[in-house]
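Here is the structure we will look at.
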Amino acid sequence: MTSRHDPLLKAFASDNYAGVHPEILQAIAAANGGHQTAYGEDVYTEAMGEVFRRHFGEQAQAWPVFNGTAANVVSLRSMTAHWEAVICAESAHIHTDEGGAPEVAGGIKLLTVPTPDGKLTPELIDRQAWGFGDVHRAQPRVVSVSNTTELGTLYTADEIAAICSHAHDLGLLVHLDGSRLTNAAAALDVPLRALTTDVGVDVLSFGGTKIGLLYGEAVVVLNPEAASGVDYIRKTFMQLSSKMRFVSAQFEALLSGDLWLRNARQANAMGRRLAEAVSGIPGVTLTRPVEANAVFAILPRDVTERLAKRFRFYTWNEATGEVRWMCAFDTTEADVDAFAAALADEMLA
Ligand SMILES: Cc1ncc(COP(=O)(O)O)c(C=O)c1O
C-alpha cells in the first residue's frame with residue numbers, strides 16, 4: 001500500500017503529529033503472532049513492569065493506558081477521595097486541554113493557580129493549600145505538576161524536590177504529568193528517576209506517544225501508599241487494554257535501551273536549533289525560554305496565517321497572537337532549516 005500523505009512533510013504543531021519510531025514498530029511486529037493471555041497477563045507486560053522498575057525503583061508499578069488524559073485521570077482518581085481536590089497551575093494540561101475530563105469523568109475538583117511560566121512553587125501552592133478541615137471547601141490532597149510544562153519550561157530536580165517536600169509537609173501528595181518527562185530528563189542530562197522517585201514524586205503519568213510510540217502512556221505508582229485501586233479504576237475508566245501486549249512491547253522497546261534518550265535529545269536539539277534560527281529574524285520575538293522541544297513566539301498575524309498554510313502549527317494564545325512550534329523525535333535539521341527559511345520569506349512578503 002502507498003501512503004495517502006507526503007511522508008517527508010513535517011509539521012511543527014505537536015510531537016503527536018510524528019509517526020511511530022521504526023524500533024517501536026519492530027517491537028510490535030515481534031510481539032505479534034500466536035496467542036498471549038489478554039488484559040495484561042502476558043510476557044510483554046511482565047517485561048515492561050521490570051523495565052519500569054529498573055528506571056524508577058523496585059517499588060514502582062506501571063499500568064499502561066491508552067492516552068495521556070487517561071493516565072492523568074486514573075492517577076488522580078487513585079490518589080483522591082471524592083471530597084478531595086488537586087492543586088495545579090492554571091496552564092496545566094489537566095485544566096486547559098483535557099475537555100474537563102478530570103472533573104467530568106474523574107469527578108475531581110481542580111484548584112488552579114496562575115503562574116508566570118507554567119511552574120508551581122511552594123509559595124504558589126500555598127495560594128490553594130488552605131481550608132483543611134473546612135467542610136465547605138474541597139479538601140486539597142494532591143499537587144499536580146507537569147515536566148516539561150505546557151509552556152515549554154522545565155523543573156530541575158531541586159525544584160521538584162522543594163515542591164514535594166512542601167506538599168508532604170502539608171499532608172499532600174504529588175502527581176507528575178510526565179507526558180514529556182523524557183524531554184525534561186534529556187535536557188537536564190539526568191536519569192528519569194532523578195526527577196521523580198529520587199525527589200519524592202508519588203505518582204507519575206509517563207508519556208510514550210510523543211516520544212515515538214504508536215500509542216500508550218502509563219500510570220506509574222512510585223509510592224505504593226499514595227494510590228489505591230488502580231487496577232479497578234483503570235478498568236472503570238475504560239483503559240484496560242485487552243491486547244495489552246502491544247502497548248507493553250512498545251514501552252519495553254522505548255525504555256530497555258537508550259531509545260527514549262536518543263529520541264528526546266533529537267527533539268530537544270531541534271527545539272534549540274529552531275529557536276536560534278528564528279531569533280535572528282527581525283519581527284519575530286521568542287516569548288518563553290526554550291528549555292526542551294517547544295518554541296513560543298510572537299510574529300505578525302498575517303505572517304502566521306501564510307506560514308500556517310505551508311507548515312501546520314498552533315496559535316497558542318489568540319489574544320496575543322503567540323504561536324507554539326514543537327519539534328518531535330523525527331524532526332531533522334533540514335526540516336528546521338526549511339521552516340526557518342519559510343518564516344524568513346513570509347516576513348519579507
Ligand atoms: C502536558 C500534557 N499532558 C498530557 C497530555 C496527553 O494528552 P492526550 O490525552 O492527548 O494523550 C499532553 C498532550 O498534549 C500534554 O501536553
Side-chain angles (χ1 to χ4, degrees), residues 11-20 24 63-77 86-106 108 110 112 115 117-120 142-155 160 174-187 192 195-196 201 203-220 234 237-239 241 247 250-251 254 263-264 267-268 271 288 291-296 312-317 323-329:
F12 288 82
S14 167
D15 26 15
N16 281 328
Y17 276 49
V20 185
I24 299 289
W63 283 267
V65 294
F66 291 111
N67 65 27
T69 300
N72 288 335
V73 173
V74 172
S75 293
L76 295 173
R77 185 69 282 165
V86 174
I87 298 172
C88 65
E90 202 169 56
S91 54
H93 200 264
I94 52 174
H95 180 54
T96 60
D97 263 323
E98 298 189 351
E103 285 118 325
V104 177
I108 301 156
L110 299 180
T112 63
T115 70
D117 54 4
K119 288 163 64 173
L120 288 178
V142 175
V143 172
S144 180
V145 292
S146 309
N147 206 11
T148 60
T149 72
E150 293 71 10
L151 301 181
T153 48
L154 46 79
Y155 291 91
I160 301 270
V174 177
H175 164 257
L176 192 140
D177 178 346
S179 172
R180 298 190 181 87
L181 180 65
T182 48
N183 297 92
L192 296 167
L195 298 173
T196 52
V201 171
V203 179
L204 163 70
S205 299
F206 183 79
T209 315
K210 294 180 173 64
I211 203 70
L213 268 55
L214 171 59
Y215 72 95
E217 316 276 308
V219 172
V220 190
R234 181 175 61 171
F237 285 81
M238 297 160 278
Q239 295 299 313
S241 171
V247 197
Q250 295 180 71
F251 274 122
L254 182 75
N263 283 358
N268 293 350
R288 318 221 174 239
E291 297 182 337
N293 59 332
V295 178
F296 288 81
R312 294 291 302 272
F313 60 86
Y314 291 117
T315 294
W316 194 253
N317 183 330
V323 299
R324 184 189 78 172
W325 298 318
M326 183 72 88
C327 296
F329 70 87

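Numbers here simply count residues along the sequence, with the first being 1. One-based numbering, in listed order, for ligands and for the atoms of each.
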Only distances under 3.5 Å count here; give the side-chain donor-acceptor pairs of residues 95-104 to other protein atoms, sequence neighbours excluded, each with its distance to 0.1 Å.
from, atom 1, to, atom 2, distance (Å)
T96, OG1, A92, O, 3.1
E98, OE2, N72, ND2, 2.9
E98, OE2, H93, ND1, 2.6

**Prompt:** Is V219 close to V203 at the side-chain level, that is, under 4.5 Å between some pair of heavy atoms?
**Reply:**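 They are in side-chain contact.
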**Request:** Could you tell me whether the side chain of V73 reaches within less than 4.5 Å of the side chain of Q239, counting heavy atoms only?
**Result:**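 Not touching, per the 4.5 Å side-chain cut-off.
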**Asked** Between L192 and F206, does a side-chain contact (heavy atoms from CB on, under 4.5 Å) hold up when you go through it step by step?
**Response** CA-CA 10 Å; L192 296 167; F206 183 79; 4.2 Å; yes
**Prompt:** Is a donor on one side and an acceptor on the other found under 3.5 Å between the side chain of Q250 and the backbone of Y215?
**Reply:**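 Pair found, side chain donor or acceptor close to backbone of Y215.
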**Asked** Do E217 side-chain atoms and N67 backbone N/O form a donor-acceptor pair below 3.5 Å?
**Response**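 No; judged by distance alone, with no hydrogens or angles, the pair does not exist.
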N or O contacts of ligand 1 with protein under 3.5 Å, please list pair by pair.
from, atom 1, to, atom 2, distance (Å)
ligand 1, 3 (N), D177, OD1, 3.2
ligand 1, 3 (N), D177, OD2, 2.7
ligand 1, 9 (O), G68, N, 3.4
ligand 1, 9 (O), T69, N, 2.8
ligand 1, 9 (O), T69, OG1, 2.6
ligand 1, 11 (O), G68, N, 2.9
ligand 1, 14 (O), H93, NE2, 3.3
ligand 1, 14 (O), K210, NZ, 3.0
ligand 1, 16 (O), R180, NH1, 3.1

